[in-house]
Amino acid sequence: MLYKAPRGTSDILPQEQPWWKYVQEEATRICLLYGYQRLNTPIFEDSGLFARTVAGGTDIVDKEMYVFHDRGGQKLALRAEGTAPVCRAYLEHGMFNLPQPVRLYYIGPTFRYERPQAGRYRQHHQFGCEVVGDSDPTLDAEVIDIARSFLLSLGLPVLSILLNSIGCRLCQPTYVEALKRHYSNYSDRLCPDCEVRLVRNPLRLLDCKESSCQEVAETSPRISDYLCPDCQNHFQAVQQYLEALAIPFEMDYRLVRGLDYYTRTVFEIQTQGEERQGALVGGGRYDNLIEQLGGKPTPAVGFASGIERIISSLKSQQADIPHKPRRTTFMAFMGTEARIAAMKLASQLRSAGIPVIAASGDRSLKSQLRQANSLGADYAIIIGEREVTTGSAVLRDMVSNKQETLTLSEVAAALSGPTTANN
RNA sequence: GUGAGCGUAGCCUAGUGGUUUAAGGCGCCAGGUUGUGGCCCUGGAGAUCGUGGGUUCAAAUCCCACCGUUCACCCCA
């Protein structure tokens, strides 16, 4: 074999497609229910879009972006995450002139150059929702509600919704300072990663898994004590609305998210048994992002979910997915004359909306029917010398074993008629 | 980028230094008389045992390197 799918990518084979279809259709259905509209953004963008918004100090920009130069010398990057492109499109198409907020959703591939492992791939697919243009805390709750409804409607038991507020640019810096001061006192105990975090991304210090670092985190100052009045009110309102919607959540004062643009509300959703591969949904508010992209200050909230993780979770949950039985007909023939007649009849049937799989090659009738069987065909049409001369065809019901010789138009009528629908 | 496990036909697995010209199951193909599937029977195709080097009289089997893959860390969906 000369080539394999690149590391961390995979083919989504026919037998996987029902899962993908199911998840994407559920996502779409839920979005419609909440009045969100679909937006597709390009698979690559100017690399600056991600570099500016997601920002340095985060792995996703520092070492995980697929960056390349096109023939015109433009520096481009494969879509590293979904939110920044949505905001770019919001600005580019003047969506700030639409009634605010604008509710959008997307489904598409995302690329990150990292070592693959359970639940993480170099190409994966995200479904996400974004509400742009309104800072109302009901929208934070709405977005969490959507994510939860989505998982529940798929049949996934939602284990926990983790919630936190990381403040805004007024109050967060004060907290970060306090955090740094606290950690500096214990610098001799920190793991090497945390030594780096202390300088580059202090918020992330909180969720280090090293036990010595966790001890430091235990006694560290809490963001909740540093929120400015506006952020405090906002966060309280979010919680209040979640309670009103009877959405259970857990406060997690150590929850911070990896992307720099988050402000105020951040959240993650996990489901049973899949904690190892991380969150199924992650999101939050990003009130400064649009401004960073050159727009007017515009608040927004959203979330993203990983479709691969969701499907894997569904499978381990042994969830059943609804599948619609599909009636298929196999077209068998014997001889060159009959081959032509079969092709014509197949074509005619398809024009009438009847799915037909045509036999190929020079196989025996036995072999053709064996194939029809393994393809799960409900009917086989058989055309040989006899049928060619009489302008007829044999219609065989593969389930009941009954067959009869019919004229070509009778075959079409029989297959399109409701009387032959056996499933 | 770091660490650990694993790499035998399309898939699953046996074989762990010499009757191996590498075995079995699933799948695939063909046949079991004249134009008919699913079960059964018979036969067939399909593997440079991940790649390269080394140890040995002898290696799929031991050693090393590389590659791939899985899992974990980092980080994230």
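Residue numbers start from 1 in every chain, and the chains themselves are labelled A, B, ... in the order their sequence lines are given, proteins ahead of strands. Not measured: the values here are computed from a predicted model.
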| In terms of side-chain geometry, is the basic nitrogen of A:Arg112 or A:Glu81 positioned less than 4.0 Å from the acidic oxygen of its partner? | no

| request: For the side chain of A:Arg115, starting at C-beta, report the closest nucleotide among B:C73, B:U36, B:A77. | output: B:C73

| request: Determine whether more than 12 heavy atoms belonging to other residues, nucleotides or ligands lie under 6.0 Å from atom NZ of A:Lys75. | output: no

| Base paired to B:U42 (Watson-Crick or G-U; both N/O distances under 3.5 angstrom) | B:A30

| request: Pick the C1' atom in B:A60 and in B:A14, then give their distance to the nearest Å. | output: 12 Å

| query | With rounding to whole Å, what would you report as the distance between B:U55 and B:A72 at their P atoms? | reply | 40 Å

| query | Are A:His182 and A:Thr219 linked by a side-chain donor-acceptor pair shorter than 3.5 Å? | reply | yes

| task | Select one nucleotide: of B:C73, B:G35, B:U69, the one nearest the side-chain heavy atoms of A:Gln117. | result | B:C73

| Aromatic A:Tyr113 / basic A:Arg122 pairing, under 6.0 angstrom, 45° off normal | yes

| request: For B:G18 versus B:A58, give the span between their P atoms, rounded off to a whole number of Å. | output: 14 Å

| Rounded distance in Å between the C1' positions of B:G46 and B:G24 | 15 Å

| How long is the line joining CG of A:Leu375 and P of B:G38, in whole Å? | 14 Å

| query | On a whole-Å scale, what distance lies between the P atoms belonging to B:C39 and B:C26? | reply | 11 Å

| task | Have a look at A:Arg257 and say if it touches a base, only the backbone sugar-phosphate, or nothing, with a 4.0 Å heavy-atom cut-off. | result | sugar-phosphate

| request: Look at all strands and tell whether A:Leu259 reaches a base, only sugar-phosphate, or nothing, counting heavy atoms closer than 4.0 Å. | output: sugar-phosphate

| request: Give none if B:U56 has no partner; otherwise give the nucleotide forming a Watson-Crick or G-U wobble pair with it, both distances under 3.5 Å. | output: none

| query | Base, sugar-phosphate alone, or nothing: which one does A:Arg197 contact when heavy atoms must sit under 4.0 Å apart? | reply | sugar-phosphate

Distances under 3.5 Å between nitrogen or oxygen atoms of protein and nucleotides 25-32 of chain B:
{"unit_1": "B:C29", "atom_1": "OP1", "unit_2": "A:Arg363", "atom_2": "NH2", "d": "3.1"}
{"unit_1": "B:A30", "atom_1": "OP1", "unit_2": "A:Ser367", "atom_2": "OG", "d": "3.1"}
{"unit_1": "B:A30", "atom_1": "OP2", "unit_2": "A:Ser367", "atom_2": "OG", "d": "3.3"}
{"unit_1": "B:G32", "atom_1": "N7", "unit_2": "A:Lys366", "atom_2": "NZ", "d": "3.0"}

| remark: Partner of B:A22 under the Watson-Crick or G-U wobble criteria, both distances under 3.5 Å, comes out as none

| message | I'd like to know if A:Glu64 reaches the base of B:G1 with its side chain, counting only an N/O donor and acceptor under 3.5 Å. | response | no

| said: Suppose we define a pair by two distances each less than 3.5 Å, Watson-Crick or G-U wobble; what does B:A77 pair with here? | reply: none

| task | Measure the distance from CG on A:Asp11 to P on B:U69 and round it to the nearest whole Å. | result | 13 Å

| With sugar-phosphate meaning primed atoms plus P, OP1 and OP2, does A:Gln123 contact a base, only sugar-phosphate, or nothing at under 4.0 Å between heavy atoms? | nothing

| Whole-Å distance between B:A77 P and A:Ile161 CD1? | 17 Å

| message | Give me the distance, rounded to whole Å, that separates B:U8 from B:G50 when you measure between the C1' atoms they each carry. | response | 10 Å

| Base, sugar-phosphate, or nothing for A:Ala372, non-hydrogen atoms under 4.0 angstrom? | nothing

| Considering only the C1' atoms, how many Å lie between B:U20 and B:C49, rounded to the nearest integer? | 11 Å

| task | Please determine, by modelled atom types, if A:Glu26 and A:Ser153 share a side-chain donor-acceptor pair under 3.5 angstrom. | result | yes

| task | Would you classify A:Gln403 as touching base, sugar-phosphate or nothing, given that sugar-phosphate means primed atoms plus P, OP1 and OP2, and contacts are heavy atoms under 4.0 Å? | result | base

| query | B:A9 and B:A23: how far apart are their C1' atoms, nearest whole angstrom? | reply | 12 Å

| Touch class at under 4.0 angstrom, heavy-atom based, for A:Arg396 against every strand present | base

| In the structure shown, which nucleotide is the Watson-Crick or G-U wobble counterpart of B:U69, with both distances under 3.5 Å? | B:G5

| query | So which one's nearest nucleotide on RNA chain B is more toward 5', A:Ala377 or A:Gly282? | reply | A:Ala377

| Taking all non-hydrogen atoms of both residues, which atom of A:Gly302 and which atom of A:Tyr286 are closest, and how far apart? | N-CE2, 3.7 Å

| query | Are the charged groups of A:Arg339 and A:Asp362 less than 4.0 angstrom apart, N to O? | reply | yes

| Is there a donor on the side chain of A:Arg112 or the base of B:A77 sitting less than 3.5 Å from an acceptor on the other? | yes

| task | Could you check whether the rings of A:Tyr36 and A:Tyr34 sit parallel, tilted or perpendicular, using 30° and 60° as the cut-offs? | result | perpendicular

| query | Please give, in whole Å, the distance from B:A77 P to A:Tyr113 OH? | reply | 20 Å

| Rounded interatomic separation in angstrom, taking CG from A:Asp378 and P from B:G38 | 17 Å

| Ring centers of A:Tyr105, A:Phe303 separated by less than 6.0 Å | no

| field | For B:A47, the Watson-Crick or wobble partner whose two distances fall under 3.5 Å | value | none

| field | Whole angstrom value for the distance that separates C1' of B:U70 from CZ of A:Arg122 | value | 14 Å

| field | Flag for A:Thr41-A:Arg79: side-chain donor and acceptor within less than 3.5 Å | value | yes

| Which residue lies more 5' along RNA chain B, comparing A:Val281 with A:Lys4 via nearest heavy atoms | A:Lys4

| query | Which one, B:A77, B:U36, B:G38, comes nearest to the side chain of A:Glu114? | reply | B:A77

| task | Would you classify A:Tyr121 as touching base, sugar-phosphate or nothing, given that sugar-phosphate means primed atoms plus P, OP1 and OP2, and contacts are heavy atoms under 4.0 Å? | result | base

| said: Using a heavy-atom cut-off of 4.0 Å across all strands, would you classify A:Gly82 as base, sugar-phosphate, or nothing? | reply: nothing

| Nearest-Å distance, NZ (A:Lys63) to P (B:C73)? | 13 Å

